[in-house]
Amino acid sequence: EAGVAQSPRYKIIEKRQSVAFWCNPISGHATLYWYQQILGQGPKLLIQFQNNGVVDDSQLPKDRFSAERLKGVDSTLKIQPAKLEDSAVYLCASSLGAGGANEQFFGPGTRLTVL
Amino acid sequence: RKEVEQDPGPFNVPEGATVAFNCTYSNSASQSFFWYRQDCRKEPKLLMSVYSSGNEDGRFTAQLNRASQYISLLIRDSKLSDSATYLCVVRPTDSWGKLQFGAGTQVVVTP
C-alpha cells in the first residue's frame, strides 16, 4: 500500500518569498492533517481536514498560511510571505477517520529553510 | 506549561539493557495516549497505543497513570535499532482527532 506522499522534500527560500507544499494522502483516507515540526520540538497541528472541509485550523497563522483540499484528496499548504521562524519540517498525515483509534500515517515531510 | 512534557535525554543505553522514561500531560480530559517513534530526519511512526491497564508489545511496555497524569515507556533488551526519539502523544477528549505531541525523548543504544 502506498504511503502518504509529499513534495518537494526540501525547499530553500528567502524571507518574504512564497512557498507551497503538496500532499497526497493514503487512498481512502478521509482525514488529512498538516503539522509543523520545528527542530527539537514535537509536531504541532496546523490544520485538519475531514474530506474537503476544515475541522480545526486554530493553530494556523492565517495571516500568512493557507491550505486547501478542494476535491477531498490532495492538499496544498502555502506560506506567503515566509518568515525566518517558518523554517521547519512540514509533515502531512492522513487517517481513515478522525478521533478514536484511527492511526495517523505521516508522509516524509518537506524540510523548509527560510534565509 | 506545555501540554505534553518529556525529558529530552539523551538516554544512553548499553545494548541489552533496559531503559524507561515518562511523559506528563496537563489535560486531565485526555482520552487516548500513544507512543510514536521518530528516527533522525524521518517521519513519526506509531509505536504503540497506551491502554489504561498497561500493555506490552514485544520488548516494549507502556503504562498509563491517569491519577498522576503520566505515561511511561519501558524498553527491555535494547537493540541498536531502538536508537530513536520517542514521542509521547495525547489526544484530548474534546478534539477531533487532534494529537498533541511532546518534544520527544532521545534514546541512544550503544554497542
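Predicted model only: the values in this text are computed from it and were never measured. Per chain, numbering begins at 1; letters A, B, ... match sequence-line order. Hydrogens, waters and symmetry mates play no part in the numbers below; they use all other heavy atoms, side chains included.
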Aromatic ring centroids of A:Tyr33 and A:Phe49 under 6.0 Å? no

So what's closer than 4.5 Å to chain B heavy atoms on A:Gln59: side chain, backbone, both or neither? side chain

Given the options A:Ala93, A:Pro108, A:Gly42, which has more heavy-atom pairs under 4.5 Å with chain B than any of the others? A:Gly42

In terms of heavy-atom pairs under 4.5 Å with chain A, the winner among B:Leu87, B:Leu46, B:Val4 is B:Leu46

Give the ring-plane orientation class for A:Tyr35 versus A:Phe106, where under 30° counts as parallel, over 60° as perpendicular and anything between as tilted. tilted

Side chain, backbone, both or neither: which part of B:Gln38 has a heavy atom under 4.5 Å from chain A? side chain

Tell me whether A:Arg69 is salt-bridged to A:Asp74, with the criterion being a basic N under 4.0 Å from an acidic carboxylate O. no

May I ask you to decide whether A:Arg64 forms a salt bridge with A:Asp86, counting only side-chain N to carboxylate O separations under 4.0 Å? yes

